[in-house]
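A note on names: the letters A, B, ... follow the listed sequences, proteins ahead of strands, and every chain is numbered from 1. Side chains included, hydrogens not; waters and symmetry mates left out as well; all remaining heavy atoms used. All of these numbers come straight from a predicted model, not from anything done at the bench.
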Amino acid sequence: MMLIYNTLTKKKEEFIPKNSPNVTMYVCGPTIYDYFHIGNARSFVMSDIVRRYLEYKNFDVKFVMNLTDVDDKLIKKANEENVPVEQVAEKYADAFFEDIEKLGIKKATVYPKATEHMQDIVDLIKNLVDTDYAYNVDGNVFYNVNKFKGYGKLSGKNIDDLESGARIEINEEKKNPLDFSLWKKAKPNEPAWESPWGKGRPGWHIECSAMSMKHLGETIDIHAGGNDLIFPHHENEIAQSEACCTNEFVKYWIHFGFLNLNQEKMSKSLGNFFTAREILKEHSANSIRYLFSQTHYSGPLNFSKELLESSEKGLEKIYNLVQRIENIKPSMADNLNTFENERYLFAFESAMDDNFNTPQALASIYDFIRDFNKFLNKNDQVAKNDIIKAKDFLTKTLTDVLGIVLFSTEEKGESKEDDLIKLLIEIRQKAKLDKNYSLADEIRNKLSELGITLADSKEGTTYKISK
RNA sequence: GGCGGCGUGGCCAAGUGGCUAAGGCGAAGGUCUGCAAAACCUUUAUUCAUCGGUUCGAAUCCGAUCGCCGCCUCCA
């Protein structure tokens, strides 16, 4: 049984999809006006882990992530650079796909774009206007918040409190200051589409409702996104979708905590951010994913390069065991001691089942690593089956679920460089047999200066090339 | 002003009513090794922001206080 914390009910609930084993999942994707930052990456990676774990549990996940390709920021950027909006959108959509691929994020089933769903969006607004949930004021269409009785149920706010808040912009056209735009009347030099209310473009919230329902149906299982989307974005999505089409838009709402920099939310508007591609130049996707997995998805994560470096040290321990496993020659002997690894997988799954508790899941992996190393230390001969099982455990947990790649699937090309290193290892081996340790050490030291680390073990001498 | 979250060892971080408070990084000592590296072992929180309360029993529940952060405006 899996538990998921549902923002809507503020409780952990048993996960029961509408049409098991099918699961529908929608994640709010990027507005493609710039490179995304490492805080955005956290949401993308964590939703990827949620999806991967569901697939691990044999659910058939239909995963949709939208790209917002028309909005104020995009238009602003296009004007600044004096290029068409589509060109900006295309550039950053390409960059987005490049970056998420580097981060090891599995491809979504569909990446719908707002501009490709204008008819669906217009139809949805039309429906809301016809039923009085929305009203048209001179080409601007607003959602009538007072009409929807569930307004505020996701964010725990009530309309009166919100109205007394001082930060709502004054707009004479709105009946209620909280009413939000569904359709924005075209201004000069802006992309615009035909509609029953005249030329214009959609408001931000409506696209997600339209695309979610279009691709996944009127009730979906999981909708995920950052904490900052709870209000108003997700609240408004509920209002739109449930007013028109369904009495339950989303079964489970999942929200990710912020990534902070110096205890402050990382955001474009504050200017305190690193882009994901910037970080990826110096750090691997593995270390980023490991870092994210070390903290529960719902809480804040105070990001720093030092933290990333300590994650890299933690990963080293995993890599070392992986290399050790790959170098073992399995024994065919009978009566070998065997290693039971079931309990580690059980612990891993229990942690993940409990609202995707990745830090605890990692702890179960480290317990395995310690105990399996101990097992290898104690036993000179190891059965093939134990090696296969160990590899299987690491692949399932770290790679399949957390997306940390360990065993390279491509054939290891033996380059001249490798041959050369092997030659030096041979020479050094002879020196060691002659007890010529100064030569042996010199070879090791010189190689180390070149970034090639030798390590002697009972399985022979191995080497690692660092970049 | 309204609503919400957080405060656990040097750092990061699980745990949210009951065995000795997971795990990672770091540090110290040790085993192994020709020496290293790796691995393993031991040590590193009588204590969970502070003060009260409930309870047979609390880091976990309640109240107060202090500190930090977020949402209420575009934002993952």
Side-chain angles (χ1 to χ4, degrees), chain A residues 7 10 27-31 33 36-47 71-73 76 152 155-158 160-169 178 204 224-233 235 255-260 263-270 273 290-291 293-296 298-302 304 306-307 309-321 323-324 347 351 354 357-367 369-378 432 435-438 440-441 444-445 448 453-459 461-462 464:
Chain A
T7 311
K10 297 190 176 18
V27 178
C28 289
T31 301
Y33 74 108
F36 65 85
H37 60 65
I38 194 74
N40 304 128
R42 186 184 185 197
S43 288
F44 300 151
V45 168
M46 294 320 290
S47 51
D71 98 323
D72 293 346
K73 281 177 294 194
K76 187 167 167 244
S155 55
K157 299 178 188 300
N158 67 64
D160 296 340
D161 289 345
L162 286 166
E163 283 177 359
S164 63
R167 300 175 73 184
I168 300 165
E169 71 178 289
L178 292 170
W204 174 42
N227 256 327
D228 47 3
L229 295 182
I230 296 174
F231 192 90
H233 186 56
E235 194 69 62
H255 289 97
F256 306 115
F258 295 130
L259 187 140
N260 296 335
Q263 311 291 347
E264 221 178 15
K265 177 186 173 186
M266 180 180 284
S267 75
K268 284 280 167 57
S269 37
L270 290 169
F273 63 89
Y290 180 94
L291 173 64
S293 301
Q294 267 190 312
T295 304
H296 188 83
S298 63
L301 193 170
N302 202 28
S304 72
E306 290 71 32
L307 221 48
E309 279 157 20
S310 105
S311 295
E312 271 151 14
K313 295 272 176 54
L315 271 172
E316 274 300 311
K317 198 165 182 168
I318 299 172
Y319 295 155
N320 286 334
L321 177 62
Q323 195 180 32
R324 194 172 183 188
D354 185 10
N357 192 333
T358 52
Q360 203 164 65
L362 270 180
S364 71
I365 294 172
Y366 275 96
D367 287 338
I369 289 172
R370 182 194 58 235
D371 293 345
F372 196 67
N373 267 315
K374 218 190 290 189
F375 176 77
L376 294 181
N377 289 349
K378 272 189 192 153
K432 276 172 66 179
K435 299 225 191 297
N436 185 352
Y437 293 122
S438 61
D441 289 351
R444 188 172 61 194
N445 293 338
S448 165
T453 316
L454 298 192
D456 301 326
S457 70
K458 64 182 181 189
E459 287 96 17
T461 299
T462 58
K464 261 196 289 204

Watson-Crick or G-U wobble partner of B:U16, both distances under 3.5 Å: none
Can you tell me which nucleotide in B:C25, B:C41, B:A13 comes closest to the side chain of A:S310? B:C25
Side-chain contact check for A:N377: nearest option of B:C41, B:A39, B:A14 is B:A39
Using a 4.0 Å heavy-atom cut-off across all strands, classify A:M46 as base, sugar-phosphate, or nothing. nothing
Would you mind classifying the nucleic acid contact of A:D367 as base, sugar-phosphate or nothing, using non-hydrogen atoms under 4.0 angstrom? sugar-phosphate
Looking across every strand, which nucleic acid part, if any, lies under 4.0 Å from A:K265 by heavy atom: base, sugar-phosphate, or nothing? base
A:K157 has a side chain; which of B:G2, B:A37, B:G70 sits nearest to it? B:G2
For a quick check of understanding: with a heavy-atom distance under 4.0 Å over all strands, which category does A:N158 fall into, base, sugar-phosphate or nothing? nothing
Can you tell me how far P in B:G24 sits from the matching atom in B:A13, rounded to whole Å? 16 Å
What nucleic acid atoms does A:F258 come within less than 4.0 Å of, heavy atoms only: base, sugar-phosphate, or nothing? base
Answer with base, sugar-phosphate or nothing: what part of the nucleic acid does A:H37 contact at a heavy-atom distance below 4.0 Å? base
Return the nucleotide paired to B:U42: Watson-Crick means purine N1 to pyrimidine N3 with N6-O4 or O6-N4, wobble means G-U with N1-O2 and O6-N3, both under 3.5 Å. B:A28
Quick one: does A:D456 reach the base of B:C35 with a side-chain donor-acceptor pair under 3.5 Å? yes
Please say whether the positively charged group of A:K268, taken as NZ for Lys or CZ for Arg, lies over the ring of A:Y33, i.e. under 6.0 angstrom from the six-membered ring centre and within 45 degrees of the axis. yes
Examine the base of B:C35 for any acceptor or donor lying under 3.5 Å from a partner atom in the side chain of A:R444, and report the outcome as yes or no. yes
Across the strands shown, which category fits A:Y290 at heavy-atom distances under 4.0 angstrom: base, sugar-phosphate, nothing? sugar-phosphate
Using purine N1 to pyrimidine N3 plus N6-O4 or O6-N4 for Watson-Crick, or N1-O2 and O6-N3 for G-U wobble, both under 3.5 Å, which nucleotide pairs with B:G1? B:C72
Checking all strands, does A:G225 fall into the base, sugar-phosphate, or nothing category for heavy-atom contacts under 4.0 angstrom? sugar-phosphate
From C-beta outward on A:S269, which listed nucleotide comes closest to its side chain: B:C74, B:A14, B:G70? B:C74
Nearest-nucleotide pick for A:K73, side chain only, options being B:C74, B:A39, B:C41: B:C74
What's A:K317 touching, base or sugar-phosphate or nothing? Going by heavy atoms closer than 4.0 Å. sugar-phosphate
Please measure how far the C1' atom in B:G57 lies from the corresponding atom in B:A39, and state the result in whole Å. 41 Å
Measuring only between side-chain heavy atoms, which start at C-beta, is A:K265 closer than 4.5 Å to A:D228? yes
Nearest to the side chain of A:N373, which nucleotide is it out of B:A39, B:C72, B:A22? B:A39
Answer yes or no: is there a side-chain heavy-atom contact under 4.5 Å between A:L259 and A:H37? no
Using a heavy-atom cut-off of under 4.0 Å over every strand shown, decide if A:G257 touches base, sugar-phosphate, or nothing. base
May I ask you to say what A:Y437 touches in the nucleic acid, namely base, sugar-phosphate or nothing, with a heavy-atom cut-off under 4.0 Å? base
Base-pairing mate for B:C61 - Watson-Crick or G-U, with both contacts under 3.5 Å: B:G53
